[in-house]
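To start, the structure itself, in structure tokens.
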Amino acid sequence: MESLLQSFLGDNLLTLVLYCALPLVFIILYELLAILGEVKISAFMQDRLGPMRTGPYGIIQPIADVLKLIQKEDITPKNADKFLFNLAPYLSFMAAYAAFAVVPFSSQYVGANLNLGAFYLLAIGSLNVAAIMMAGWASNNKYSLYGAMRGVAQIVSYEVPAAMMLVIVVIFVGSLNLQDIIVAQSGPIWNWIVFGGPKADVMLPSGQLFEASWINLVYLPFFLAAAVMYYITALAETNRTPFDIPEAESELVSGYHTEYSGMKFAMFFMSEYANMFLVSAVTAILFFGGWNSPFGTYVGELVNVQWLVPVEQFLWFAFKGLFFVFVIIWLRWTLPRLRVDQLMYMCWKVLIPFSFAIALIVGFLVVVL
Amino acid sequence: MSGYFKDIYDGIATAMVGMKITWGHLFTKSVTIQYPDVKHDIPERVRNRLYVNMDDCIGCDQCAKVCPVNCITIETAKSLPTEDLGETSTGNKKKLWVTKFDIDIGKCCYCGLCVFPCPTYCIFMTDVFEFSEYKREDLIYKFATLTEEEAAEKTANAVRQKQEQEEKKKAALEAKKKAEEESKAAEKQKPETGENEGADQKAPTT
Ligand code: SF4
Ligand code: SF4
């Protein structure tokens, strides 16, 4: 992908900027879709129709929403800490966007093919906490502060099981590089890690040979549980219902972004949706084969059109990500919000012991098998 | 310990149950009615905006009297004997010009009480329920069919007619007095004739 851009534009800064901006284009398009999806899915689940007036079936509603947000007055409260208050939304979106750097959209496109990809993902994910705390503290508002405190407590707690799930996959594949993790799952659907990982030897892009056989089926229950648990922690890290206690509009107005309006609010909004896709994508990468086709082969390979393969990979990746985003929305309109103590109970007493147990078992099996 | 595992199991199982329900509703037909385009069927005998069919109104003022919030104002004028106002569709003879028939629908509480006493069934509820206005005055509905000049003319006619009648009455009264005096004068001469008196006294009451 980079070489393709270079061949068009030459090896200069513009190429680099364009290369980095590609995920942004994707995020913005995805966000328009997700806003519409959220309102429509929630409406359908409640036997309503949702927005119907802007465009046929209300499909240009997200554009109207964006236009409205752009027009809104940008208010900074008088007693807020102006610098931090204005910085927080951008930091929040930056944190979400920075994580996309290591997300492989296809075998040909990944912003930065880091060998420490999985680790980087964890590290940058914590940056969002700083943004939330900053927003809550700088707003000088009790609701914001409460929301921020809850948000930080929640995200910091849930980072532990999330990291453990990641570690489980890393132990199994033996690489922190996300492309390695995805390539290890290439082939048909039963090679996905959620179904016990590859059943035959794979050559990883980093040059390692990943030895595997059908005996990997013993991993299936552990990885299945790990996938579900990762998804739950991911949900908690994005502050979505049922884990939306930092926002909790019925008790905290809207938590840490109570005081934000206009584009700054939009930045928080974008970062929430970007995070939603990010965790969905990571779930897909770690457990559901990333950009791999579930059939083990691509139309481009069958008809021998090479450039079609990455496009298909991207489509599969987007499809998997969007599917998990759909499940997040589905859950949001199904489950009520957890209480703070229930949230902590779930994290420290359920997810963490189980994740450690699974990590131990998987580690043991990797050594033994 | 078993309680702990049961809680986890219940947590997962109930979430699944909930997801199944919402999944089902995802494909349930929506109950939304696209309101301004599509309207709900409204039940019969519903009480909405009032309408008065002025062709049938005889100006009897019954509806105005019964209205608990006094939002109907009716003014009438007697027709001249030369004018024929025709009959209502129920066969009642119209005798009054209705010079003013205002309903302040902003005050109306839609009790429907005005509908029942109407002898000609000409005031009734319609199925129109969208009649918001920007100004309060616009909610005063004027049903009178006469133009202002006509109304003024009819009122003037009625006043004149009344005056004429009163004058006539006065004249008749005076004439009677005269006749009485004359008869009294005559009585003094002939005290036996007193039978006319009763008939004369009855006449002014009609
Ligand atoms: S409906 Fe009731 S309140 Fe309205 S005009 Fe008739 S009697 Fe008066
Ligand atoms: S009761 Fe009927 S006829 Fe009488 S004034 Fe009212 S509307 Fe006219």
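Chain letters run A, B, ... following the sequence lines, proteins first, then strands; residues in each count from 1. Since this is a predicted model, take the numbers as computed values, not measurements.
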Q.
For B/Ile8, which atoms come within 4.5 Å of any heavy atom of chain A: side chain, backbone, both, or neither?
A. side chain

Q.
Restricting to non-hydrogen atoms, name the atom on B/Leu26 and the atom on A/Met45 that form the minimum distance, rounded to 0.1 Å.
A. CD1-CG, 3.8 Å

Q: Return the orientation label for the B/Trp23 and A/Trp330 ring planes: parallel under 30°, perpendicular over 60°, tilted otherwise.
A: tilted

(Q) Using only non-hydrogen atoms and a strict under-4.5 angstrom cutoff, which residues of residues 122-141 of chain B touch chain A? (A) none

Q.
Minimum heavy-atom separation for A/Leu49 and B/Ser30, please, with both atom names.
A. CG-OG, 3.2 Å

Q. Counting only heavy atoms not in B/Lys93, do more than 12 sit closer than 6.0 Å to its NZ atom?
A. yes

(Q) At a 4.5 Å cut-off on heavy atoms, which part of A/Val327 comes close to chain B: side chain, backbone, both, or neither? (A) side chain

**Q.** Nearest atoms (heavy-atom pairs only) where B/Asp37 meets A/Arg53
**A.** OD2-NH2, 3.3 Å

Q.
Taking atom OH as the centre, does B/Tyr9 end up with more than 12 heavy-atom neighbours from other residues, nucleotides or ligands that are less than 6.0 angstrom away?
A. no

Q) Got more than 12 heavy atoms from elsewhere within 6.0 Å of OH, B/Tyr4? A) yes

(Q) With a 4.5 angstrom heavy-atom cut-off, is it the side chain or the backbone of A/Ile41 that approaches chain B, or both, or neither? (A) both

**Q.** More than 12 heavy atoms from other groups under 6.0 Å of CE on A/Met52
**A.** yes

Q.
For A/Tyr345, I'd like to know if atom OH has over 12 heavy atoms of other residues, nucleotides or ligands within 6.0 Å.
A. yes

(Q) Within a 6.0 Å radius of atom CZ on A/Phe356, are there more than 12 heavy atoms belonging to other residues, nucleotides or ligands? (A) no

Q) Out of curiosity, A/Phe44 CZ to B/Thr32 OG1, how far, rounded to the nearest 0.5 Å? A) 9.0 Å

**Q.** Distance, nearest 0.5 Å, that separates CG of B/Asp7 from CD of A/Gln342
**A.** 10.0 Å

(Q) Is it true that, when you exclude A/Tyr146 itself, more than 12 heavy atoms of the residues, nucleotides or ligands shown sit nearer than 6.0 Å to its OH? (A) no

